> 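Provided herewith is a single structure, encoded as structure tokens, for subsequent inquiry.
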Amino acid sequence: MPSSQVLPAFNMVQALNSALKEEMARNPDVVVMGEDVGRDGGVFRVTEGLYDAFGPQRVIDTPLSESGIVGMAIGMAAHGLVPVVEIQFMGFIYPAFDQLVTNAARIRARSRGRFSCPIVVRTPYGAGVKAIELHSESTEALFSHIPGLKVVVPSTPYTAKGLLVSAIRDPDPVIFLEPTRLYRMIKEELPAEEYAIPLGKARNAKEGNAVTIISWGSMLHRALKAAEPYDADVLDLLTLSPYDEGAVLASVKKTGRVVIVQEAPKSCGFASEISACIAEKAILHLRAPVMRVAAFDVVLPFARLEEYYMPGIKNIREAIEETLRY
Amino acid sequence: MPSSQVLPAFNMVQALNSALKEEMARNPDVVVMGEDVGRDGGVFRVTEGLYDAFGPQRVIDTPLSESGIVGMAIGMAAHGLVPVVEIQFMGFIYPAFDQLVTNAARIRARSRGRFSCPIVVRTPYGAGVKAIELHSESTEALFSHIPGLKVVVPSTPYTAKGLLVSAIRDPDPVIFLEPTRLYRMIKEELPAEEYAIPLGKARNAKEGNAVTIISWGSMLHRALKAAEPYDADVLDLLTLSPYDEGAVLASVKKTGRVVIVQEAPKSCGFASEISACIAEKAILHLRAPVMRVAAFDVVLPFARLEEYYMPGIKNIREAIEETLRY
Amino acid sequence: MPETVLDTFEIKRLDILDARGNADPALMPPLGGAEIKKMYEYLAIARTFDDRALSMQREGRIGTYASIRGQEASQVGSALAFDKKDLIFPSYRESGVFIARDYPLHMLFQFWSGDERGMKVPGDINIFPICISVSTHLPHAAGAAAAAVYKKEKTAVAAYFGDGATSKGDFHEGMNLAGVFNAPAVFICQNNQYAISMPRSRQTAAKTIAQKAVAYGFKGIQVDGNDVFAVYRATKEAVENAKAGGGPTLIECYTYRLSDHTTADDASRYRSREEVEYWLARDPIARLRLYMEKQGLSGGKYEEEVREKAESLVDDGIKKMEETGPAEPQDMFTYTYQGPTARLSAQIRSFSPGAV
Amino acid sequence: MPETVLDTFEIKRLDILDARGNADPALMPPLGGAEIKKMYEYLAIARTFDDRALSMQREGRIGTYASIRGQEASQVGSALAFDKKDLIFPSYRESGVFIARDYPLHMLFQFWSGDERGMKVPGDINIFPICISVSTHLPHAAGAAAAAVYKKEKTAVAAYFGDGATSKGDFHEGMNLAGVFNAPAVFICQNNQYAISMPRSRQTAAKTIAQKAVAYGFKGIQVDGNDVFAVYRATKEAVENAKAGGGPTLIECYTYRLSDHTTADDASRYRSREEVEYWLARDPIARLRLYMEKQGLSGGKYEEEVREKAESLVDDGIKKMEETGPAEPQDMFTYTYQGPTARLSAQIRSFSPGAV
Ligand SMILES: Cc1ncc(C[n+]2csc(CCOP(=O)(O)OP(=O)(O)O)c2C)c(N)n1
Ligand SMILES: Cc1ncc(C[n+]2csc(CCOP(=O)(O)OP(=O)(O)O)c2C)c(N)n1
Ligand SMILES: [Mg+2]
Ligand SMILES: [Mg+2]
């Protein structure tokens with residue numbers, strides 16, 4: 001944290017809130033919109049206080065209409081605003097998938113730059129909070145396959161704030177995935193002054209030489225915990241699209257062993273992309289198979305079984321041990 | 001082709017049409033539905049003649065309503081029918097993405113088997129026909145990441161018919177992607193008698209020992225062409241979810257070299273999954289990096305530039321040469 | 001050639017039972033005393049279930065729960081207008097509908113405790129599992145209704161949803177498709193005035209939900225959702241009309257959610273005490289009780305018996321749910337596909353429940 | 001408490017100019033001779049453009065094309081009712097709208113020849129690039145209109161779409177949102193009676209498209225879409241109302257697609273010759289011509305001059321398009337993001353246009 005002056009410790013919700021507040025204060029074109037983001041402050045309270053501070057013109061309570069909300073944001077962006085949309089849970093982003101893929105991602109290309117789409121779509125993401133069905137999705141891989149979109153996943157209050165600031169300032173559409181499990185799990189002191197964390201750069205969360213562990217979001221913390229006994233290099237990707245290929249390859253070249261940890265089902269998950277990148281560009285440096293620790297390829301179970309579904313520390317350690325056996 | 005008696009040569013459109021006709025004749029619960037599938041016979045004529053043969057109750061012209069069409073099909077399936085939905089182009093499947101991911105894929109799990117969703121969603125897929133925007137999508141990877149869905153891609157008239165028969169008989173939802181470029185490109189004699197090709201099995205399209213080339217759909221043919229001068233083992237995956245891991249690993253273990261060819265943008269495409277599987281389970285057998293030949297991570301250009309975007313034979317050969325250098 | 005009028009539309013509202021327990025005899029549906037008592041008992045079970053579910057949640061014995069308090073008449077009154085073989089597509093706020101269909105209470109508790117076995121709907125009950133993603137089940141209802149026609153069954157299909165749900169594309173597509181296919185579907189909107197914090201007036205500029213049916217070429221009607229007779233009558237008519245080939249109906253049950261949106265919500269952040277009190281005075285169950293008293297349907301120990309029966313049913317449900325315990329972890333592999341794929345079989349073999 | 005009527009709605013239709021070229025003076029919009037001539041000229045350019053695009057497609061000089069024949073009045077009449085700074089969101093069948101906004105014709109040809117540079121909308125023309133995915137641009141229009149209010153501009157926004165488009169969820173969500181935000185949006189439905197092969201009657205059970213506005217709490221009106229004055233008047237009123245804070249309007253232009261859906265379609269598979277002939281007799285351009293003759297607006301060589309001007313404009317467009325040649329292949333990398341990402345930069349370096 002490159003700061004001397006600090007504020008009281010923030011959890012991720014508060015960090016996000018302060019990013020929104022500051023960017024709204026800096027740029028009058030930034031508006032926040034979504035279901036219950038206004039008077040109610042959002043179901044996780046990320047937008048709390050914004051309605052009172054900026055009024056209903058800039059903190060816009062919308063009808064229950066995900067496709068329409070994202071579609072409106074696209075139109076607003078085309079007309080000069082910078083909308084930050086909240087989708088209540090990632091399980092409800094699918095109705096807006098068409099707008100994101102068909103329009104948000106392509107407006108710049110379709111109009112050869114005459115129009116652009118500087119929107120941010122924020123949504124709580126991931127399991128581990130014992131919620132009901134469709135409140136625990138982690139389908140980041142879908143969005144990461146779409147050229148024209150960017151995909152960002154913070155892992156701490158500090159990164160959440162700095163990345164959201166960058167996402168809002170980014171001239172292209174950003175899917176901003178907030179790990180629900182982390183919303184209130186970690187507190188951190190934040191710099192008092194303005195800061196932004198550039199998109200597209202991974203963070204080294206722990207340095208080591210024996211094995212590279214790559215993760216993002218809520219699994220990063222399990223990966224860190226699992227890595228404790230090892231001389232592991234732990235990479236926190238932060239941006240999934242475009243991801244920091246350079247950081248991945250550099251670490252793999254150093255250690256020769258890789259474990260990638262993702263919460264989503266294994267097949268066609270984001271870990272597969274990282275693994276494929278390594279298999280293509282760093283294979284001569286590998287001393288062990290590239291292991292993916294991921295959820296099973298099953299429909300996400302309800303709360304009572306969700307822990308069995310997600311990768312646990314034991315699974316991660318097993319994978320680390322496996323790579324170290326080579 | 002395990003048949004002695006043959007019919008006149010079929011192109012893929014005719015092969016699909018005959019699969020539909022035969023399955024409809026065999027099972028009165030099979031219905032076909034979609035935009036313009038009835039009187040008009042479908043924009044590619046895949047459903048031609050069905051309306052006259054089976055009537056408007058079973059060949060259902062629907063309003064322009066992709067989410068509603070798939071949603072209706074889910075309800076029809078829950079009530080005992082076997083709907084085969086046509087989505088006019090893959091670019092218009094996104095409005096139905098929510099229904100597919102949120103409901104079709106989960107009805108069985110959500111109801112613990114009380115209800116199921118034996119629907120097929122067919123759609124023309126892929127570029128190379130100089131169509132207008134959104135008529136050339138190849139986002140198979142998205143669907144392959146969703147547990148509960150199956151994803152099938154035929155590559156010839158013979159496989160198209162046999163796989164569609166299996167898809168219709170499958171008790172779970174199947175996304176059936178029909179490479180538009182191949183609709184009329186290849187003609188093949190088909191067995192006169194009923195046949196089905198099991199889902200989940202890859203096909204060896206060319207045997208060889210020096211390098212494994214893995215592809216599916218329209219790219220399979222470019223891969224075959226590119227492979228001509230080489231002692232290549234060419235695998236046609238046919239089913240992407242669940243894919244034939246056994247066949248992939250067996251071939252890789254034989255050759256030690258792999259090139260995967262996909263039409264879609266590279267990042268998080270289906271090739272990444274295959275590569276990751278190999279990097280995890282067959283790395284000790286590899287003698288070269290696992291190469292992916294794919295489109296660039298750009299918004300799909302319009303017709304006049306599309307050939308620059310898609311992998312060409314030259315690109316595939318370069319990748320083969322590269323793996324052979326090791 | 002002046003401006004001409006192509007068509008005119010009237011949106012009506014049906015009220016039968018007033019707040020003092022008087023029913024309009026001209027509109028009163030033909031219900032016998034036993035039927036009215038049955039109605040009342042379901043309402044009582046629904047209220048008891050709801051109360052207990054809320055306290056169970058506070059005690060940490062179940063997860064987040066969506067209360068139906070205030071909406072019991074809308075739910076029970078409408079559900080009872082369907083035949084057993086009619087298929088119902090519910091949302092997450094339909095405990096009263098499940099209860100009126102004799103759904104095992106322990107399974108409802110299971111569902112709300114995060115156990116999908118609660119939605120393994122028994123074979124003799126025709127209700128779809130709870131749909132969490134708002135509005136996505138409306139096209140399902142249109143499809144099931146169309147399938148019933150295809151199969152030449154005399155089956156009606158219902159979809160239940162909230163006022164917020166009417167803003168979604170799938171509301172529109174489901175309603176429009178049902179209209180085009182003249183499907184025997186009844187669309188029942190529980191207009192409880194809020195979608196979480198969003199008041200009905202901010203959900204749509206239309207003054208009623210009922211008038212949205214105009215867009216689909218079929219009938220829409222508003223009923224007093226706290227009036228079990230009006231709800232029942234309107235639904236019964238819609239069901240009969242649907243079965244007679246008359247196509248779909250949209251019914252707007254004008255009611256109020258007396259509790260928070262769910263146990264994770266705090267409604268005091270966005271609505272006034274006075275508003276809630278206004279609606280408390282219009283409690284749908286109290287109103288039926290007054291009617292029954294006036295009609296001599298509830299003398300003696302009746303009230304107490306109903307309460308006891310409701311409590312013991314709910315207690316049994318809780319007991320059974322808590323005795324059942326969680327599902328086997330392996331259970332999560334069983335229902336993704338009909339049989340496990342080869343890939344999944346390998347994953348199952350690698351699974352050790354001792355994980356985490 | 002009997003059934004009460006909550007609200008009533010009237011759906012009106014506006015006709016001004018009849019098939020014999022007589023305009024209702026009471027309804028005739030205040031257009032001067034020069035303005036009417038301008039209208040006529042745009043109609044002529046639109047017709048000429050369309051004819052030439054169809055033959056260019058047959059000659060393989062452009063790709064699949066969607067003809068507007070028969071819909072010129074609906075498009076030109078409505079587009080001319082907007083100010084230059086108003087923003088229009090078109091679908092793929094709006095050549096007439098582009099033309100009425102003085103969009104460079106060579107760029108339209110470029111678009112239809114598969115060259116996205118045709119949609120690099122010039123800075124002084126306020127039209128969004130063509131939206132291929134049906135209805136998805138309606139929420140954009142709602143958003144842009146809301147943004148105009150936010151920015152305190154007096155700007156109206158238009159969305160153009162077909163009858164088939166009204167079945168999509170995004171039609172509903174866009175209209176509903178525009179209603180809720182009282183946005184200055186005008187929704188212009190080109191009801192050309194078909195969505196590819198699907199007749200309007202199978203698209204929705206509603207008898208008119210106009211009545212769908214009832215669902216959103218704002219005004220809907222049907223106009224004779226082959227009557228350029230009725231289209232102009234209804235649109236002008238909607239634009240003025242929108243700018244005055246009166247919110248959105250839905251305008252159903254009742255017209256007919258005289259050609260195939262696109263050059264890839266064969267309409268004879270699904271509609272009769274008689275039907276087409278009925279509509280041929282109602283040609284929107286011929287009707288205005290009759291009016292102008294009666295009003296003495298088109299004497300002498302006027303007709304010929306208009307035709308010549310239209311032809312030379314279109315010829316120039318074709319020439320310019322064909323001279324321009326295809327874009328540089330590298331162009332496909334330029335517009336995915338504002339600047340290329342690191343990953344994309346590496347891909348650009350690996351790109352050799354000699355591929356295939
Ligand atoms: C598609 C979708 N978006 C958002 C949510 C989150 N959510 C759950 S309930 C609700 C409000 C629903 O309001 P309404 O339709 O009026 O039903 P009510 O809860 O009042 O019964 C929201 C926004 C959801 N479940 N589904
Ligand atoms: C979402 C979507 N689904 C399907 C299509 C394919 N398609 C192109 S035009 C069309 C019919 C549109 O009918 P209508 O809205 O009446 O417009 P028209 O073509 O008659 O102008 C269809 C189905 C599409 N472009 N977008
Ligand atoms: Mg509600
Ligand atoms: Mg049309």
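What you are looking at is a predicted structure, and each value in this text was computed from that prediction instead of being measured. A note on names: the letters A, B, ... follow the listed sequences, proteins ahead of strands, and every chain is numbered from 1.
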> Which bit of B/Leu199 comes within less than 4.5 Å of chain C, counting heavy atoms only: side chain, backbone, both or neither?
neither

> Checking B/Gln57 against chain C: side chain, backbone, both or neither under 4.5 Å from a heavy atom?
both

> For the residue pair B/Asp170 / C/Gln338, report whether a side-chain donor-acceptor contact shorter than 3.5 Å exists.
no

> Check each atom of C/Phe181 against the heavy atoms of chain B and say whether the ones under 4.5 Å are side chain, backbone, both or neither.
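Only the side chain of C/Phe181 comes within 4.5 Å of chain B.
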
> Please flag which part of B/Pro147 lies under 4.5 Å from any non-hydrogen atom of chain C: side chain, backbone, both or neither.
both

> Do B/Asp29 and C/Lys151 make a side-chain contact, defined as non-hydrogen atoms from C-beta onward lying under 4.5 Å apart?
yes

> Side-chain contact test, heavy atoms from C-beta onward, threshold under 4.5 Å: evaluate it for C/Ser133 versus B/Asp98 and give yes or no.
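C/Ser133 vs B/Asp98: side chains touch.
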
> Does B/Pro63 reach the side chain of C/Asn176, with side-chain heavy atoms less than 4.5 Å apart?
yes

> How would you list, by chain and number, every residue that makes a side chain to side chain contact (heavy atoms under 4.5 Å, CB included) with B/Arg114, sequence neighbours excluded?
B/Ser111, C/Val121, C/Asn126

> Counting only heavy atoms closer than 4.5 Å, note whether C/Arg117 contacts chain B via side chain, backbone, both or neither.
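Contact with chain B involves both backbone and side-chain atoms of C/Arg117.
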
> Is C/Ala142 close to chain B through its backbone or its side chain, or both, or neither, when contacts mean heavy atoms under 4.5 Å?
both

> Show your reasoning for whether side chain to side chain donor-acceptor pair (under 3.5 Å) applies to C/Tyr337 and B/Arg108.
CA-CA 7 Å; C/Tyr337 300 100; B/Arg108 181 187 294 284; over 6 Å; no

> Taking side chain as everything from C-beta outward and backbone as N, CA, C, O, which of these in C/Ile130 sits under 4.5 Å from a heavy atom of chain B? Side chain, backbone, both or neither.
backbone

> Please classify the contact of C/Ala148 with chain B as side chain, backbone, both or neither, using a heavy-atom distance under 4.5 Å.
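Its backbone and side chain both get close to chain B.
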
> Give a yes or no on whether a salt bridge exists between C/Glu116 and B/Arg110, defined as a side-chain N under 4.0 angstrom from a carboxylate O.
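Judged by the 4.0 Å cut-off on N to carboxylate O distance, C/Glu116 and B/Arg110 do not form a salt bridge.
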
> With a 4.5 Å cut-off on side-chain heavy atoms, are C/Leu177 and B/Ser65 touching?
yes

> Would you indicate whether the side-chain heavy atoms of C/Glu153 and B/His79 approach each other to under 4.5 Å?
yes

> Non-hydrogen atoms of chain C under 4.5 Å away: do they reach the side chain of B/Val70, the backbone, both or neither?
neither

> Most heavy-atom pairs under 4.5 angstrom with chain B, which of C/Ala183, C/Gly123, C/Ala146, C/Ala346?
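Heavy-atom pairs under 4.5 Å are most numerous for C/Gly123.
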
> Could you go through B/Arg112 and C/Asp331, starting from their C-alpha distance and side-chain angles, then the distance that decides it, and tell me whether this counts as side chain to side chain contact (heavy atoms under 4.5 Å, CB included)?
CA-CA 9 Å; B/Arg112 304 278 95 185; C/Asp331 198 43; 2.9 Å; yes

> Where does B/Thr102 contact chain C at under 4.5 Å (heavy atoms): side chain, backbone, both or neither?
side chain

